[in-house]
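Read through the structure below, which is laid out as structure tokens, and then see the notes.
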Amino acid sequence: MSPGARPVGRAFFDRAPEVVAEQLIGCEISYGGCGGVVVEAEAYGQRDPASHSFRGETPRCRSMFGPPATVYVYLLYGLHWCLNLVTEPRGTGAAVLIRAIEPTHGVDEMRARRGVDDDRLLCAGPGRLTQALGITGAVDGMSLRAAGLQVGRRRGEPDVARVPRIGISRATDLPWRMVARGSRYLSRPIPRSIPG
DNA sequence: CACAGGATATACT
DNA sequence: GTATATCCTGTGA
């Protein structure tokens, strides 16, 4: 994390996932000396048919039911690790998926891990982001702190657009994908149908 | 730019 | 057997 950016408190995650997702945009996250500014995050809520937790606890999504600020990392398509942070309401399986960051430090190491030169493709997507940061299932179920993840409080008020989530087939109407307007580092552009 | 197809763990029908 | 909170590569407009 860059000098001067105070870490968010534990209470940061004691809110509903759509609030935490919105408030995470503009925050700097860091892991093992690599990181960047969050530009895209999605909320997965209680009684949300698109959420892994919708049908209750399974071995995969078990950590979603831990306390707020628990790390949930799961393997998607048997290939890509995806990073989530658990929120309130406690014990209901609510969480936020970190989908993209704008790289700010440890860029050379992230380029090496990803095998790409283009910084726009380093962390633009949940699978790319974890590969760049070196995050795997090894930290699943840990607290944010125990996992070695740092989240820095944001300075200003970013312009955040709320749009439908990506890659799901249920609850597609909920605008729970939060994106930094104008960012060049999104996993996908903001739909043209969104006002603003 | 838009597809199609492959890789392949976990969960559900 | 089918679907999934994805990414990469190849082909063709």
Side-chain angles (χ1 to χ4, degrees), chain A residues 13 16-22 24-25 29 34 36 38-66 68 70-87 92-103 110-141 147 149 160-180 183-194:
Chain A
F13 299 95
E18 63 272 27
V19 177
V20 174
E22 193 276 334
L24 272 173
I25 304 301
I29 71 167
C34 298
V38 178
V39 294
E40 180 176 345
E42 284 179 356
Y44 287 87
Q46 182 180 15
R47 294 186 294 273
D48 174 2
S51 173
H52 290 167
S53 59
F54 183 60
R55 293 164 198 282
E57 215 174 299
T58 68
R60 178 179 66 172
C61 73
R62 182 179 168 287
S63 46
M64 289 187 88
F65 294 87
T70 295
V71 174
Y72 169 46
V73 179
Y74 72 94
L75 192 57
L76 178 63
Y77 290 99
L79 297 163
H80 310 289
W81 296 107
C82 294
L83 170 67
N84 301 255
L85 301 172
V86 174
T87 73
T92 64
V96 171
L97 169 70
I98 313 296
R99 286 194 55 95
I101 65 177
E102 173 178 344
M110 292 197 285
R111 285 198 193 108
R113 286 206 190 96
R114 291 267 301 118
V116 298
D117 271 344
D118 187 352
D119 286 0
R120 290 172 70 150
L121 294 175
L122 267 193
C123 306
R128 292 166 172 165
L129 182 155
T130 55
Q131 185 184 28
L133 295 179
I135 291 173
T136 71
V139 297
D140 179 49
L149 265 168
V160 179
R162 298 174 54 120
V163 306
R165 294 174 291 183
I166 290 181
I168 56 169
S169 59
R170 294 181 295 176
T172 52
D173 53 317
L174 286 179
W176 281 2
R177 176 186 175 219
M178 312 298 172
V179 291
S183 173
R184 304 167 53 240
Y185 301 91
L186 305 179
S187 68
R188 288 171 60 173
I190 295 173
R192 291 192 320 247
S193 56
I194 302 297

[X] [atom1] to [N] [atom2]: how many Å, rounded?
X      : N     : atom1 : atom2 : value
A:Y44  : C:dT4 : OH    : C1'   : 11 Å
A:L83  : C:dT6 : CG    : P     : 14 Å
A:W81  : C:dA5 : CH2   : P     : 16 Å
A:E40  : C:dA5 : CD    : C1'   : 11 Å
A:N84  : C:dT6 : CG    : P     : 11 Å
A:R128 : C:dT9 : CZ    : P     : 10 Å
A:L121 : C:dC8 : CG    : P     : 7 Å
A:I168 : C:dA5 : CD1   : P     : 8 Å

Knowing that exactly one of A:S53, A:C82, A:C61 qualifies, which makes a side-chain contact (heavy atoms from CB on, under 4.5 Å) with A:Y72? A:C61
The single option from A:R60, A:H80, A:M64, A:R62 passing side-chain contact (heavy atoms from CB on, under 4.5 Å) against A:Y74: A:R60
For a quick test of reading the model: is some side-chain N or O of A:R170 closer than 4.0 Å to OP1 or OP2 of C:dA3? no
Counting only side-chain nitrogens and oxygens, does A:R114 get under 4.0 Å of the OP1 or OP2 atom of C:dC8? yes
Inter-nucleotide P distance (B:dA2, C:dA5), Å rounded: 23 Å
Look at all strands and tell whether A:L97 reaches a base, only sugar-phosphate, or nothing, counting heavy atoms closer than 4.0 Å. base
Looking across every strand, which nucleic acid part, if any, lies under 4.0 Å from A:S169 by heavy atom: base, sugar-phosphate, or nothing? sugar-phosphate
Would A:D119 and A:R111 count as a salt bridge (charged side-chain N to carboxylate O under 4.0 Å, His left out) here? Give the steps. CA-CA 8 Å; A:D119 286 0; A:R111 285 198 193 108; 3.0 Å; yes
Any side-chain donor-acceptor pair under 3.5 Å between A:Q131 and A:R113? no
Is it true that the side chains of A:S187 and A:E40 contain a donor and an acceptor less than 3.5 Å apart? yes
Residue pair A:A132 / A:M110: nearest heavy atoms and the distance that separates them: O-CG, 3.3 Å
Which atom of A:W81 lies closest to which atom of A:V73, heavy atoms considered: CE3-CG1, 3.7 Å
Can you tell which of A:N84, A:D140, A:T70 makes a side-chain hydrogen bond (donor to acceptor under 3.5 Å, both in side chains) with A:S63? A:D140
Can you run through DNA chain B from 5' to 3' and write each base as (, ), [, ], | or . depending on how it pairs? Watson-Crick or G-U wobble, both distances under 3.5 Å. |||||||.||||.
In B/S/- notation (B base, S sugar-phosphate only, - none; protein heavy atoms under 4.0 Å), nucleotides 4-13 of chain B written 5' to 3' is ---BBBSSSS
Counting N and O atoms only, with roles assigned by atom type, does the side chain of A:E42 sit under 3.5 Å from a partner on the main chain of A:I166, one being a donor and the other an acceptor? yes
